[in-house]
Amino acid sequence: MAKKQTPQAIRGTQDIFGAEAEAFAFVVETFERIRKLYRFRRAEMPVFEKTEVFARSLGETTDVVSKEMYSFLDRGDESLTLRPEFTAGIARAYLTNGWQQHAPLKLATHGPLFRYERPQKGRYRQFHQLDAEIIGAGEPQADVELLVMADHLLKELGIHDVTLHLNTLGDGESREAWRAALIEYFRAVEDELSEDSQERLEKNPLRILDSKDRKDKPFLADAPKIDDFLSEEARDFFAQVTAGLDAADVKWVRAEALVRGLDYYRHTAFEFIPDEDSASAAALGSQSTVLGGGRYDGLMETLGGPITPAVGWAAGIERLAMLVGERAEEPAADAIVVVEDNSSEALKSGQFALKALRAEGLSAEMISSGSPRKRYDKAVKKSPKHIITFDEMGYGMGQDEDTDPRIFDALPFLK
RNA sequence: GCGAUCGUAGCUCAGUUGGUUAGAGCGCCGGUUUGUGGUACCGGAGGUCGGGGAUUCGAGCUCCCUCGGUCGCCCCA
């Protein structure tokens with residue numbers, strides 16, 4: 001008989017535990033708290049959707065759609081996909097549930113996303129994001145509010161060495177004109193570009209701008225600038241966003257080369273990136289973006305909805321948790337109840353004590369295994385604030401003068 | 001998808017140029033000691049050395065394949 005093999009976890013998934021799990025929870029709890037301060041409403045969406053929801057809204061040629069989605073046929077032969085991001089599903093929910101009636105609608109959610117990528121530091125196949133969106137608001141103040149909230153969240157998490165990198169992609173027309181100019185510019189020197197960039201030229205020319213390849217660098221400086229293609233309105237819109245940020249005292253830097261990977265973005269695009277050589281930069285490895293998003297005024301139309309302006313962002317919970325660092329697990333127990341043996345009287349007293357302590361709001365747990373001799377040692381190792389023992393007669397033995405008075409409230413017979 | 005690197009007990013790791021029953025510390029279990037205390041000592045359980053194949057008289061150590069981890073590229077949160 002061959003030995004039974006224990007199945008392995010799926011590649012790129014993680015089992016989080018202990019201090020790491022506490023950091024994860026801290027990020028989510030902080031987000032929940034902040035989101036209420038800004039009056040974003042909570043939403044829950046399905047983890048999977050029809051494949052077209054993502055294919056249409058993200059753009060067929062994007063990496064996410066073309067090679068990173070977990071898509072499968074269900075038993076009814078329908079192509080479904082595990083969500084690779086939140087926005088498309090939220091847009092679909094907005095359209096199919098008549099949420100237009102609530103517009104402008106401020107929504108917040110968080111949960112798992114799935115992308116078939118090669119795992120590495122800060123990058124997983126099942127990962128988690130926080131997400132905030134404002135749907136049905138076309139004014140720059142919506143962008144500002146979202147950004148201020150993002151900045152606030154990071155501060156509350158204790159992350160101070162991350163800065164907002166901001167850009168505008170202009171409205172649809174500006175973006176198209178710029179894109180065309182970029183293609184023309186880079187096509188002229190196509191042979192001298194890196195292999196990656198030659199490919200990007202076809203699929204996503206904007207991406208060439210933030211190429212790190214040496215071969216591309218010489219051409220970057222003189223590439224067409226979005227600012228030269230911005231319409232009057234687009235320019236004004238961006239000015240209002242930056243003015244709002246300044247008024248709210250959110251630090252930002254202009255990042256002309258910053259573009260977003262997904263097709264639906266217009267106007268504001270941004271990423272919060274660790275400052276160079278900072279502790280956060282080191283903690284994140286090569287994954288630099290911790291929170292990113294932008295305006296996606298064109299998205300609703302791609303899903304057959306009415307023209308609906310919207311802005312949003314998402315932040316990687318794992319990445320934020322890395323910046324937060326390990327969080328101590330719950331502090332030591334208020335009390336540990338040791339039953340000296342498993343006689344019925346000792347156990348009975350022990351259970352009674354546990355219930356009374358917890359009712360008093362004191363954290364407590366029992367130790368009832370191991371040799372009688374070692375039980376106390378086990379309790380000591382957990383370094384609780386108090387240890388209460390019960391012997392085979394069911395008599396409890398209490399503590400010294402420093403004992404928390406609540407212990408005596410719960411267990412008056414301890415004296 | 002491409003590249004680098006790693007994979008020995010629950011954890012952290014040793015394992016000499018391939019050679020008899022694979023080791024340590026910590027943890028766990030038990031015993032002794034101590035006795036208002038996380039002491040010390042003794043003992044025990046636990047590894048088909050990620051998986052498969054090849055070379056060899058003989059492989060944890062060599063080669064190939066595969067699966068994972070880690071770190072880059074790409075992309076992204």
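Model, not experiment: these values are computed from the prediction.
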Among B:rA77, B:rC74, B:rU70, the one nearest A:R200 by side-chain distance: B:rC74
Below 4.0 Å: OP1/OP2 of B:rG72 and any side-chain N or O of A:Q120: yes
Geometric cation-pi criterion A:R125 and A:Y116, 6.0 Å radius, 45° cone: yes
Separation of B:rA77 P from A:L154 CG (nearest whole Å): 15 Å
Length of the line joining A:L164:CG and B:rA77:P, which is rounded to integer Å: 15 Å
Under-4.0 Å salt bridge between A:D143 and A:R295: yes
Interatomic distance, A:E117 CD vs B:rC75 P [rounded to whole Å]: 11 Å
A:S286 side chain near B:rC71 phosphate (N/O to OP1/OP2, under 4.0 Å): no
Given RNA chain B, 5'-ward residue of the pair A:H128 and A:L284, judged by closest heavy atom: A:L284
Pair A:T87-A:E133, side-chain donor/acceptor within less than 3.5 Å: yes
Donor + acceptor pair across side chains of A:H110, A:R35 (<3.5 Å): no
Rounded distance in Å between the C1' positions of B:rG10 and B:rC28: 8 Å
Set of residues satisfying side chain to side chain donor-acceptor pair (under 3.5 Å) with respect to A:K155, sequence neighbours excluded: A:D151
Side-chain donor-acceptor contact under 3.5 Å, A:H152 with A:Y38: yes
Integer-rounded Å distance: B:rA77 C1' and A:F31 CZ: 13 Å
Nearest-angstrom distance from the residue atom CZ of A:R125 to P of B:rA77: 18 Å
Spacing of A:R118 atom CZ relative to B:rC75 atom C1', expressed in whole Å: 14 Å
Polar side chain donor-acceptor pair, A:T30 to A:R33, under 3.5 angstrom: no
Earlier contact from the 5' end, RNA chain B, for A:D210 and A:T13: A:T13
Integer-rounded Å distance: B:rC2 P and A:D196 CG: 14 Å
Distance, P atom - from B:rU17 to B:rU12, rounded to whole angstrom: 26 Å
Check: A:R123 side chain, B:rC75 base, donor-acceptor under 3.5 Å: yes
Phosphate-side-chain proximity, A:K378 and B:rC29, N/O vs OP1/OP2 below 4.0 Å: yes
Canonical and wobble pairing (Watson-Crick, G-U, under 3.5 Å) of RNA chain B, dot-bracket with |: (((((((..((((.....[...)))).(((((.......))))).....(((((..]....))))))))))))....
Residues that A:E195 engages under side chain to side chain donor-acceptor pair (under 3.5 Å), provided they are two or more places apart: none
P spacing across the pair B:rC42 / B:rA4, given as an integer number of angstrom: 49 Å
Rounded interatomic separation in angstrom, taking CD from A:E133 and C1' from B:rA77: 13 Å
Atom P, compared across B:rU56 and B:rG72: separation rounded to whole Å: 42 Å
